[in-house]
Structure formats: C-alpha cells, structure tokens
2 protein chains.
Amino acid sequence: MTLSDTVYERLRTDIVQGRFPPLQPLRLEQLKRDYGVGFSPLREALNRLQGERLVVSAAQRGFRVRSLSVAEMWDAVNSRILIEAEALRLSIDQGGDDWEATLVASFHALSLIVQRLGTGAADGADTAALEELERRHREFHLALISACGSTWLLDFAAKLNTETERYRVLALRCATLRRERDVGAEHRAILDAALARDPERAADLLDAHYRETGHFLEQVLQDAGTAAS
Amino acid sequence: MTLSDTVYERLRTDIVQGRFPPLQPLRLEQLKRDYGVGFSPLREALNRLQGERLVVSAAQRGFRVRSLSVAEMWDAVNSRILIEAEALRLSIDQGGDDWEATLVASFHALSLIVQRLGTGAADGADTAALEELERRHREFHLALISACGSTWLLDFAAKLNTETERYRVLALRCATLRRERDVGAEHRAILDAALARDPERAADLLDAHYRETGHFLEQVLQDAGTAAS
DNA sequence: TAAAGAAGAAATTTCGAAAATCTGGACAAA
DNA sequence: TTTGTCCAGATTTTCGAAATTTCTTCTTTA
C-alpha cells in the first residue's frame, strides 16, 4: 500500500462524506498540511479521483469537488438501474451455490444492523454504526451482481454506487423526515427473486428499489434546498 | 494544456495502437527518455490511464499494459451494446434538429472516407487514412448517442470504445482475410432507423452491428493466434 | 542438488525546490 | 467611466535527487 493509495482513499471518503463542499477548490498546500504528504501522492490521488468523477480539473487551475444536483442524481440513478439490472440478470443466470451463499450471508449481515439501528440508539447519533450500515448495504448490492462475470459492469456499478452514495450521505445529513417505506422488505423481495432464479422479477424489483430511493433523495434535497433559502 | 495532458494522450494512443505489448511493464526511466518529461507528469498520466483500464498497477511494482483476450473482448462488446443501445433510444427520444444534422453530417464524412479507401490506395498502407477512418467511425457512433442526455452513459461508452479500439487495431494489424459483410450498409440502416425515430429498430441494428464486429474480431484473433503458434 | 540468505542492482515512490501560470488590484490611457 | 497593462502574490505544475522497496545474483548451508 503506497502513500498515494492511502491519500486516495482518505480523499475519497472525505469527498463522499461531504467534508469538502461541491465546487470548492482543493488547494494543494492545504491538503499537503492536512494529510501530511508531499505533492506527488496528492496529485496522483486527485488524478485517479478525476477518473471516478469525484473531482474535476482545469489546466493550471487545479482540482475542484464535482457538483451535486437533482438532475445529475437522476442521471446516476437511471444509469445504475440500467447496469445493475442487467448484471443481476447475468448473476442469476450464472451464479452458483457459492454466490447464493454470499448473497444470503450479506443480506443477513445487513438485516442484523438494520434491526440494531431500528431498536437501538437514537438515529443520526452513532456515525460509526451508520457507516457500517452503508458498508453492509453496499456489500449486499455488490453480492447481488457479483456473479455477472463482467468486469466492466462491476466497474461501472462501483463508480455509480459511490456517486449515489454522495447523495445518500447528504440526505442523511439534512433529513428531518424519516423514511416511510420499508427498505428491508424491498431487499428481501429482491433476495427472494434472486434465489428463485427469476431474472425479470428480480431486475424489476431492483429497478423499483433504486427508483424509489431516487424519489426519496429528490424530496429530501428539495426540502433541504427550500429550507436553506 | 499541461504536460500531463500531453503525455496522457500520447501514452493513450501508444497503448491503443499496440506499441507496448500487453502485460509489458512500463518502465518510468524509459518513458522519461522517450517522452522527454519528468516523473510527475508521467505518473499522473498513468494514474489516469488506470481509471480507463488501459493500464494496471501493483503497489511498488509500477504499471503494466492491461491484457487482451477474447473473453475480455466479449465483455467489452456486450457491455457496449447494453449502454449504447439504451443511449441510442434516449437520443432518438430526446434529440432535436441539431442532433439529426450532426448525425447526417458525421455519417456523410464517414461514407466519404470509406469510399476513398475502398477505391483508392492499397489497404493497410496508408496509416494516416486509416486513423482518419477510425476517427470518423468513432465520431459517427458518438453522434448517434450524443443526445441521450446522460453524462454517465456517454462516459462509459467512451471508455468501452477505446477498449474495443484496441482489438480493432490488433485485427487490422494481423488480418489477412478481408471483411465480408458491408459495414457501410449497417451504418446506413442504423442512421435510417434513427432518423425515422424508431428506437427499438435502431437499438436492434446497433446491437447486431456490434455483435457482428465482435464475431469478426474473434475470428481474426483466433486465426492470428493459431498462425502464430 | 535444493533451499535459504545476503549483497548489489534496478525500479518505484516520495519529497521539496524551482519554474510556469493564474488572479486580482493598482495605475495609466482613451 | 471604461478599457487595457503591468506587477505582486498565490497556486499549480514540473523536475531531479533522495528514500524506499523489489528484483537479481551469488554464496552458503544442509
């Protein structure tokens, strides 16, 4: 693990977590001090983040955090539906026993932490638990498509996941309203369809799941926007 | 335009054109001499190329050109079909007069150079003309999907295009057999379906076009493989 | 002979200084 | 007032040396 890799991951999470506001210039001198590294690993990390579309750069003008908007959120959500629905169909077609095993396991791990958070401490307070929730959520959705056999689709899905994660984090920050629908039930339905080897039903459920999440995020962002203005 | 950008583009074309054999380590000292630049712009360019999956890297072990294989080619082709077919449907739905204009224009430009190459000089000799053909071919396919309104789909399509270009270049290098089918007619059929605003027919034709190209590339690669062994 | 280890060579990675470029403001000219 | 130019400070970008790690080769040992 090189310094570049470390800085890359730290910058990545800091951007996804919204530590740097969108469109804010990322000053190298400041990052140098904050992360305690030289220019080289910083610039290498930023160049990689550009490929993931987390930052944008203009020649001689350095790097900025990429913007956020409702329109861009829907672009990411729709693209994600297209790619993950197909990857899920392929996984259902090609996945073996080991795939089913990791699928059930990751769903169970997700259910456990959802239950714990639902019954346990106050919501929003325990950031560590929320990060663990996000991690297991990502693991479950990754497990669904992990047997698709396409490195490109998995690559694209990962990029779109981090992109949409930026919006989920933002929603958690400024969400006063609670989520009405039962996301756990949606996950279970997708799992059931996958285990039943029904590609079309599974893909449709995944589509609806992401679309619902998109509507939820849109509502939160708009409420936050009007509340802020 | 910074030095990093220049080096990035040069490395990119050199890799796509097959100047560096797949899996060969890219020695920084040698690249430094070849391109006449320091370490910094080189490493920045390589980090960006990693995001496009043209090179791979291992910690403390530098960069290598990514491998080529028939299986990976089909992965890229199938992913490309999924993404560009959807982008084409969206373009047909949302494209205006200006879209149709650039579409017709880019098709015409492509037809011109195809005609010139067909009747003109010996095939394979004029590399400049072949590069221009490749450029216009890319322009036409980009024009088809340019009105889709999704930055993510356009981004993915661009990456997959350069990936498949690696195989097209390879095929041009070692192809002794000539291509039987009329690619120009396929392009015209796609153009007609797009102008007729028939999304399903256009998507199906695009699908068949890329699939056919995939079969062609597979055959060339296998022939080259058996001929070499 | 095979395996393990050490020394030397080669390559990558990182750092900070230096060069190149941009930004904003002061000042002059129209 | 507006427009254009030039300078100083700030910032990005590039370079080559130094530090770190990996690879190679030779030697030793069982």
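A note on names: the letters A, B, ... follow the listed sequences, proteins ahead of strands, and every chain is numbered from 1. Only a predicted model underlies this, so the values are computations on that prediction, with no experimental measurement involved.
Between B:Ala59 and A:Ala59, the residue anchored nearer the 5' end of DNA chain C, judged by the nucleotide with its closest heavy atom, is B:Ala59.
Rounding to whole angstrom units, OH of residue A:Tyr35 and P of C:dC15 are separated by 15 Å. With rounding to whole Å, A:Leu3 atom CG is found 20 Å from D:dA18 atom P. At whole-Å resolution of the value, CZ in B:Phe39 and C1' in C:dT14 are 11 Å apart. Atom P of nucleotide D:dG16 and atom CG of B:Leu42 are separated by 12 Å, given to the nearest angstrom. The distance between atom CE of B:Met1 and atom C1' of C:dC22, rounded to the nearest whole Å, is 18 Å. Remark: P of D:dT12 and CG of A:Leu46 are 10 Å apart, rounded to the nearest angstrom. Between the CZ atom of A:Arg33 and the P atom of D:dT11 there is a distance of 10 Å, rounded to whole Å. Rounded to whole Å, the distance from CD on B:Glu44 to P on C:dT14 is 13 Å.
Between C:dT14 and A:Arg43, no contact under 4.0 Å exists linking OP1 or OP2 to a side-chain N or O. The phosphate of C:dT13 (OP1 or OP2) has no side-chain N or O of B:Arg61 nearer than 4.0 angstrom. Between B:Ser4 and D:dT13, a side-chain N or O to OP1/OP2 separation shorter than 4.0 Å is absent.
The aromatic rings of B:His137 and B:His209 lie perpendicular to each other, with more than 60° between the two planes, well past the 30° mark.
Under 4.0 Å is where a charged nitrogen must lie from a carboxylate oxygen, and between A:Glu132 and A:Arg135 at least one such pair does.
Proximity of B:Arg168 to B:Glu134: side-chain heavy atoms (C-beta onward) are separated by under 4.5 Å at one or more points. A:Pro22 has its side chain out of reach of A:Arg66: every pair of non-hydrogen atoms, C-beta onward, lies at least 4.5 Å apart.
The side chain to side chain donor-acceptor pair (under 3.5 Å) with A:Asn161 is formed by just one residue from the set A:Arg80, A:Glu84, A:His141; it is A:Arg80.
Listed in residue order, the members of residues 18-32 of chain B having a heavy atom less than 4.0 Å from DNA chain D come to none.
Base engagement by A:Ser40 is indicated by at least one non-hydrogen atom pair under 4.0 Å involving a base atom.
In terms of the side chain to side chain donor-acceptor pair (under 3.5 Å) criterion, residue partners of A:Arg138 (sequence neighbours excluded) are, by chain and number, A:Glu165.
Geometrically, B:Arg53 engages A:Trp152 in a cation-pi contact, judged by NZ or CZ lying under 6.0 Å from the ring centre and within 45° of the ring axis.
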